[in-house]
Amino acid sequence: MDIVHEDLVPDPGLDREEMLACQDRIRERASFQTPRSLIERLSADDLIVAGVDQSFPDDDVVSAIVALAAGEVIDRAVVRQPVQFPYIPGLLSFREAGAALTACTALDVELDLLLVDGNGRLHFREAGLATHLGVVLEQPTVGVAKRLLCGTLVDPPEPPYPTGTRVEIRGGEDTPTARNKLLGVAMQTRQWDHPDRHINPVYVSPGHRISPDHAADVVERCVVDRKLPEPIRAADQLASEAARD
DNA sequence: GCGACAG
DNA sequence: ATCTTGTCGC
């Protein structure tokens, strides 16, 4: 994987206004449609999907990326560098993308798709971490978040949702550029049998070069026995253990 | 001014 | 994200 748009790499040194302008440019370049070539690959049994995730030991950021095909790890990379920007909702890319991009560059295998911890189009300016990475790398990406950042659930059922439930998330007052647009879906990837206590859904959104439906399809396919898709779990695990040494 | 807010 | 033991429920 290579950085295609060096000028769009999020710079932690920019001021807030410049960061917002950068995200506006990302939104303008992002595509939320699935290319014909990817649609064909989505049904292949050797689909190559990677997950990327970050951990923050002390004042460093560790980024780990793990690529899987047919349930097997086929490539991985880990990078560590000083953290350069704080966590600010809506500006996550400026904290995590630098390290994540370096990790992506260190990967040898060519991916069909990259799963990212966080949002894609499900973002105040439709430019979440998954979208930013996708545009800079010109790589199909999907965002998977554990909590809802913005947008409104359309006709949500009463929790707990049964496994397989998908609820549309559309833009509202908090997403001025995407009013009433389909930004992503709340997806129940796993659920307990008894409504005693329940598992929350994950929030899936297209990052770049994929549609909301196909994004959800891929996440569903990558989920094995857990709430989160395997590539992200593997990356999460690798980033955590790499943070200890 | 108040609320809401991925990791 | 990170700091951290026990503990509730299948």
Side-chain angles (χ1 to χ4, degrees), chain A residues 10 12 16 19-20 23 26-27 30 51-65 78-101 103 114-134 141-153 160 163 169 171-178 183-187 189-208 212 215 219 225-229 232-233 235-245:
Chain A
R16 185 183 180 80
M19 290 180 173
L20 301 188
Q23 294 186 325
I26 293 298
R27 179 185 61 251
V52 63
D53 186 36
Q54 286 65 241
S55 62
F56 296 83
D58 301 310
D59 285 336
D60 287 344
V61 50
V62 170
S63 182
I65 180 169
V78 181
V79 303
R80 178 171 185 152
Q81 59 183 54
V83 59
Q84 294 180 290
F85 192 73
Y87 167 67
I88 298 175
L91 297 179
L92 186 65
S93 293
F94 296 88
R95 176 173 174 79
E96 307 194 349
L101 287 169
L114 176 62
L115 267 39
V116 181
D117 65 303
N119 295 303
R121 193 182 190 182
L122 195 43
H123 176 273
F124 306 122
R125 290 165 293 281
E126 302 173 70
L129 178 60
T131 298
H132 211 132
L133 294 178
T141 57
V142 170
V144 181
K146 304 176 204 64
R147 300 170 44 154
L148 187 61
L149 173 64
C150 60
T152 306
L153 299 186
T163 299
I169 302 172
E173 303 306 293
D174 51 2
T175 54
T177 61
L183 302 182
V185 300
M187 199 168 95
T189 56
R190 190 188 178 199
Q191 190 55 278
W192 300 117
D193 293 331
H194 308 296
D196 202 44
R197 199 168 66 198
H198 60 271
I199 297 174
N200 294 133
V202 293
Y203 302 91
V204 180
S205 62
H208 184 44
V219 170
D225 270 333
R226 290 306 192 169
K227 168 176 175 173
L228 296 175
I232 287 186
R233 291 191 66 223
D236 190 325
Q237 192 176 69
L238 182 55
S240 294
E241 63 178 71
R244 302 186 314 181
D245 42 53

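A quick note: this is a predicted structure, and the numbers were derived from the prediction, not measured. To find a chain, count down the sequence lines: A is the first, B the second, and so on, and within it residues start at 1.
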### Message
Expressed as a whole number of angstroms, how long is the span from Ile169(A):CD1 to dA6(B):C1'?
### Response
12 Å

### Message
How long is the straight-line distance from CD of Glu126(A) back to CG of Asn119(A), given to the nearest 0.5 Å?
### Response
12.5 Å

### Query
Are OP1 or OP2 of dA6(B) and a side-chain N or O of Lys146(A) less than 4.0 angstrom apart?
no

### Message
Whole angstroms only, please: what is the CD-P distance between Gln23(A) and dC5(B)?
### Response
18 Å

### Task
Quickly work out the Glu96(A) CD to dA6(B) P distance and round it to whole Å.
12 Å

### Query
So, do Tyr87(A) and dG7(B) meet the stacking rule of ring centres under 5.5 Å and planes under 30°?
yes

### Query
Rounded to the nearest 0.5 Å, what separation is found between the OG1 atom of Thr152(A) and the CG atom of Asp174(A)?
6.0 Å

### Task
Drop me the distance from Met19(A)'s CE to Arg125(A)'s CZ, to the nearest 0.5 angstrom.
11.0 Å

For nucleotides 6-10 of chain C, which of its nitrogen or oxygen atoms have a protein nitrogen or oxygen under 3.5 Å away, and what is each distance?
none

### Task
Indicate, with a heavy-atom threshold strictly under 4.0 Å, whether Gly143(A) touches base, sugar-phosphate, or nothing.
nothing

### Query
Please give, in whole Å, the distance from dA6(B) P to Tyr203(A) OH?
11 Å

### Message
At 4.0 Å (heavy atoms only), tell me whether Leu122(A) reaches a base, stays on the sugar-phosphate, or touches nothing.
### Response
nothing

### Message
Are the side chains of Val62(A) and Val78(A) in contact, using a 4.5 Å heavy-atom criterion?
### Response
yes

### Task
Specify the separation, in whole Å, of atom CZ of Arg147(A) and atom P of dC5(B).
7 Å

### Task
Return the value, rounded to whole Å, for the distance between atom CG of Asp58(A) and atom C1' of dT2(C).
11 Å

### Task
Taking the side chain as every heavy atom from C-beta outward, state whether Leu101(A) and Leu133(A) have any atom pair closer than 4.5 Å.
yes

### Nearest to side-chain heavy atoms of Ser55(A), which nucleotide of dT2(C), dC5(B), dG7(B)
dT2(C)

### Verdict with reasoning, Leu122(A) to Thr175(A), per side chain to side chain contact (heavy atoms under 4.5 Å, CB included)
CA-CA 9 Å; Leu122(A) 195 43; Thr175(A) 54; over 6 Å; no

### Message
Within the structure provided, determine whether Val52(A) and Ser63(A) are in side-chain contact (heavy-atom separation under 4.5 Å).
### Response
yes

### Task
Write down the distance between CG (Asp117(A)) and P (dA6(B)), rounded to a whole number of angstrom.
13 Å

### Query
What is the distance, rounded to the nearest whole Å, between atom CG of Asp174(A) and atom P of dC2(B)?
20 Å

